[in-house]
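Excluded from the calculations below are hydrogen atoms, water molecules and symmetry mates; all remaining heavy atoms, backbone and side chain alike, are included. FYI, the numbering just counts along the sequence from 1.
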Amino acid sequence: MAATNFKADNNTFRKLIGNGLTYRIPPFQRDYSWGVEEWEELWRDLADVLADGSSGGHYMGYLVLQSTDDKQFDVIDGQQRLTTISILVLAVLKSLQRRIEAGDNPDENRRRAEQLRNSYVGFLDPVTLVARPKLTLNRNNDGYWKSHLVPLGSLPQRGIRASEALLRRAFEYFDAKVTERCRSAKDAGRELAEFLENTVDRLFFTVVTVTDELNAYRVFETLNARGVRLSATDLLKNWLFSLLDGAAASSHELADLADRWEALVGRLGGENFSEYLRVQWNSRHPATREGSLFKTIRGEVRDRAAAFQLLRELEEDLDHYLALRLPETSHWPDALREPAQRLKMFAVSRPAAMLIAARRRFDDREFARILQASVVVSLRYNVICGFSTGEQERAYNDIALRIARGSLTNADAVLDALRPIYPSDEAFRAAFAEKSLRTTQSRNARIVRFLLCAIERHVTGTPELDEDSTSFGIEHILPQNPGGNWPEFAPLEIEACVDRLGNMTLLESKANHRSGNAAWADKRQALADSRFSISQQIASDPAAWSAERIEKHQRWLAKQAAAIWRIARLADG
């Protein structure tokens with residue numbers, strides 16, 4: 001980032017809000033949302049720093065601003081903190097106002113109130129009493145702010161938005177705290193003024209100022225990488241709405257876009273909006289990395305029509321994305337929900353752009369083939385072989401673009417395009433034969449159950465086996481904690497063998513519990529009595545359980561796996 005487009009300073013609230021500077025929260029930025037927990041934390045922190053008698057301050061975090069003239073600033077991130085501190089200032093002014101009305105040093109307190117208001121809030125027109133505040137809130141909150149809070153007038157409680165109710169409650173909270181703090185002061189007006197002057201000097205921010213939206217987005221990326229919670233979603237939202245605002249769109253259009261945007265974010269729930277945006281964009285356009293996403297979108301979406309088009313496409317693809325991320329709650333038929341659940345279990349998200357593109361283009365039957373193929377590829381490539389995902393993601397995104405542009409017209413063509421990232425039977429068997437999975441990790445335990453149940457079905461030819469049943473579990477033949485019953489295994493050998501797939505099988509829950517760390521002879525009998533064919537097969541060999549037997553059994557499992565999880569069209573090639 002060029003130095004002329006970016007600068008950072010540490011500033012107190014006094015320095016931020018003084019010297020004729022003004023701040024505007026963009027019209028479509030999120031509403032005020034802080035509640036009691038945040039108010040109490042701020043008050044406690046402030047009380048602590050004022051009580052210690054030192055010149056130290058309280059750090060309020062990053063403040064991201066956008067400006068071209070260093071006089072007027074858009075608040076890209078930090079609106080909740082700036083608004084809340086300004087409410088605290090108003091609470092002090094309200095307390096001074098009561099002193100004036102009660103005849104308590106009215107002339108001195110009137111001068112104090114006027115000076116403090118002009119310094120930290122802005123002025124009131126002496127004739128109309130219309131507020132000219134230093135801070136302008138968003139379109140939903142600014143009316144209540146200017147008409148009721150800043151003039152210290154009556155605060156309506158009915159017929160207001162939830163965020164306006166939060167503004168009122170925040171004022172009431174700090175009003176009560178400030179009043180209580182100065183209740184016993186001999187000169188309450190002086191005490192109030194000193195409290196506020198100390199406060200604005202003790203609260204300081206790291207202020208990052210940028211000149212345009214693109215640089216603001218880069219700042220967001222940098223701060224997010226350092227663990228600072230910021231909302232790139234808000235930045236994109238502001239960009240889209242600025243296109244309408246700048247084009248003099250009707251209030252109806254602005255309201256429609258705002259409502260649809262909020263509905264979109266609401267439907268995503270706890271899902272990461274930026275991740276959805278990247279996947280959705282890559283399902284329709286040439287692949288764009290996360291770091292370049294905002295720049296790319298800004299270059300493509302440059303007018304009202306394009307803004308609404310992007311919103312329509314985000315709405316259209318959201319159900320498909322959520323069905324992949326949360327298949328258990330989707331309305332997809334079982335033939336689609338089950339493989340989607342497998343991808344979620346594998347924690348593999350790379351195929352998402354391709355699958356969203358395919359869902360738009362193909363019917364259920366064709367899409368089911370592509371979805372199932374992505375499960376096979378993911379199991380082979382990611383779960384078992386553990387290959388690098390860079391090449392894989394490029395392949396998926398290329399396929400997504402070809403589907404979107406109509407050059408891949410059926411499932412067979414998509415399957416053929418998967419060939420470069422489809423590990424061969426030989427590579428898959430070799431990796432499977434060496435695979436270890438530590439089942440103390442819940443995801444690994446689910447994968448092992450899935451693998452062993454599928455192999456059991458394949459061997460017996462009986463599909464009726466519920467892998468989620470609590471009637472059986474994973475049996476480690478060489479126990480995870482063998483104690484003294486397995487002297488033939490040296491400590492290093494135990495470590496090398498215990499988590500290998502060849503050391504695991506299925507066993508009824510009661511027998512699994514009884515077996516524990518029992519010796520091989522007892523384990524063998526439990527396996528022989530089991531209803532599971534793969535366990536009976538292990539027990540049929542009377543030879544002692546050893547590293548060599550684990551390796552042999554795992555090679556057999558690998559052979560079965562290669563026959564189960566395969567794409568015949570690609571294997572035949």
Side-chain angles (χ1 to χ4, degrees), residues 271 275 279 319-359 362 364-387 389 392-393 395-396 399-400 411 414-415 418 421-423 425 428-429 431-432 435 437-439 441-459 462-469 472-474 501 504 506 534 557-558 560-571:
E271 295 299 310
E275 176 61 17
V279 169
D319 281 339
H320 308 327
Y321 179 79
L322 290 176
L324 291 170
R325 294 286 298 176
L326 304 168
E328 61 277 3
T329 63
S330 79
H331 297 294
W332 279 1
D334 289 345
L336 303 182
R337 189 186 300 114
E338 183 178 340
Q341 287 174 320
R342 301 303 183 204
L343 289 177
K344 182 178 180 180
M345 178 178 64
F346 297 162
V348 172
S349 59
R350 304 292 178 179
M354 177 193 75
L355 292 173
I356 289 174
R359 189 65 178 137
F362 303 120
D364 282 1
R365 181 175 173 275
E366 291 277 277
F367 178 66
R369 291 183 62 204
I370 296 168
L371 184 57
Q372 184 57 47
S374 70
V375 172
V376 173
V377 171
S378 296
L379 179 70
R380 287 188 172 225
Y381 192 103
N382 303 89
V383 177
I384 300 300
C385 293
F387 291 153
T389 57
Q392 187 187 41
E393 184 166 30
Y396 281 134
I399 295 170
V414 174
L415 267 54
L418 288 170
I421 56 172
Y422 177 76
D425 284 352
F428 178 59
R429 283 195 300 267
F432 197 103
K435 193 69 178 178
L437 287 171
R438 192 177 298 275
T439 57
Q441 299 175 8
S442 60
R443 184 175 73 88
N444 285 350
R446 292 195 301 273
I447 291 174
V448 170
R449 284 179 68 100
F450 163 69
L451 295 173
L452 294 178
C453 286
I455 292 173
E456 174 71 15
R457 295 189 199 99
H458 176 70
V459 170
T462 55
E464 294 81 15
L465 179 58
D466 178 10
E467 66 193 61
D468 295 321
S469 172
F472 65 91
I474 301 169
L501 292 175
M504 303 181 208
L506 301 176
I534 58 175
L557 291 174
Q560 312 312 310
I564 297 168
W565 292 287
R566 69 198 305 265
I567 300 174
R569 183 179 185 86
L570 302 186

Would you call Arg337-Glu328 a salt bridge at under 4.0 Å N-O? no

Practice task
Would you check if Leu355 and Tyr321 make a side-chain contact, meaning some heavy-atom pair closer than 4.5 Å?
Solution key: no

Review point. Is it true that Arg342 and Glu467 make a salt bridge, defined as a side-chain N closer than 4.0 Å to a carboxylate O?
Key: yes

Would you sort out whether Ile356 and Leu324 count as a side-chain contact (heavy atoms from CB on, under 4.5 Å), showing the intermediate values? CA-CA 9 Å; Ile356 289 174; Leu324 291 170; 4.2 Å; yes

Inset, instruction - Using modelled atom types only, decide if a donor and an acceptor are shared between the side chain of Arg429 and the backbone of Ala562 within a distance under 3.5 Å. - result: no

- Task: Would you check, one step at a time, whether the test ring pair (Phe, Tyr, Trp, His ring centres under 6.0 Å) holds for Phe346 with Phe450?
- Result: CA-CA 10 Å; Phe346 297 162; Phe450 163 69; 5.8 Å; yes

TODO: Would you sort out whether Ile447 and Thr439 count as a side-chain contact (heavy atoms from CB on, under 4.5 Å), showing the intermediate values?
DONE: CA-CA 9 Å; Ile447 291 174; Thr439 57; over 6 Å; no

Between Pro327 and Ala340 the two heavy atoms that sit nearest each other are CB-CB, 3.7 Å

Between the CZ atom in Phe362 and the CZ atom in Arg369, the distance rounded to the nearest 0.5 Å is 10.5 Å

Sorted by chain and number, sequence neighbours left out, side-chain contact (heavy atoms from CB on, under 4.5 Å) with Arg446 holds for Met345, Ser442, Arg443

- Item | Backbone N/O of Asp466 and side chain of Ser469: donor-acceptor pair under 3.5 Å | no

Interatomic distance, CD@Gln341 vs CG@Leu343, rounded to 0.5 Å, equals 10.5 Å

Tell me if a side-chain donor or acceptor on Glu366 pairs with a main-chain N or O of Ala411 at a distance below 3.5 Å.
yes

**Report entry** Short N-O contact, Arg359 and Asp364, less than 4.0 angstrom
**Finding:** yes

Using ring centroids (six-membered ring only for Trp), state whether Trp565 and Tyr422 fall under 6.0 Å. no

Side chain to side chain contact (heavy atoms under 4.5 Å, CB included) test vs Val376 passes for just one of Leu415, Leu418, Ile567, namely Ile567

Indicate the ring-plane relationship of Phe367 and Trp332, choosing parallel, tilted or perpendicular according to the 30° and 60° boundaries. perpendicular

Q. Does the side chain of Pro351 reach to within under 4.5 Å of the side chain of Ser378, using non-hydrogen atoms?
A. yes

Output, in order, the C-alpha distance, side-chain angles, deciding distance and verdict of side-chain contact (heavy atoms from CB on, under 4.5 Å) for Tyr381 and Gln392. CA-CA 9 Å; Tyr381 192 103; Gln392 187 187 41; 3.5 Å; yes

Side chains of Ile564 and Arg457, heavy atoms from C-beta outward: is any pair under 4.5 Å? no

Practice task
Look at the side chain of Asn444 and the backbone N and O of Arg438, then say whether any donor-acceptor pair between them is shorter than 3.5 Å.
Solution key: yes

Residues pairing under salt bridge (charged side-chain N to carboxylate O under 4.0 Å, His left out) where one sits in residues 375-387, two or more places apart or in two chains, turn out to be Arg380-Asp425

In this structure, CD1 of Ile370 is separated from CE of Met354 (nearest 0.5 Å) by 7.0 Å

Minimal heavy-atom distance between Ile384 and Lys435, with the atoms involved, is O-NZ, 3.5 Å

- Task: Could you give me the CA-CA distance, side-chain angles and deciding distance for Leu451 and Val383, then say whether side-chain contact (heavy atoms from CB on, under 4.5 Å) is met?
- Result: CA-CA 11 Å; Leu451 295 173; Val383 177; 5.8 Å; no

Quiz item: Are the side chain of Glu456 and the backbone N or O of Ile534 linked by a donor-acceptor pair below 3.5 Å?
Solution: yes

Indicate yes or no for a side-chain donor-acceptor contact from Tyr396 to the backbone of Ala353 under 3.5 Å, with no hydrogens or angles considered. no

### Side chains of Ile474 and Arg449 in contact at under 4.5 Å (non-hydrogen atoms)
yes

Do Leu452 and Leu501 have side-chain heavy atoms sitting under 4.5 Å apart? no

So CG of Asn382 and CG of Leu379: to nearest 0.5 Å the spacing works out to 9.0 Å

Distance col, row Gln372:CD vs Leu336:CG, nearest 0.5 angstrom, shows 10.5 Å

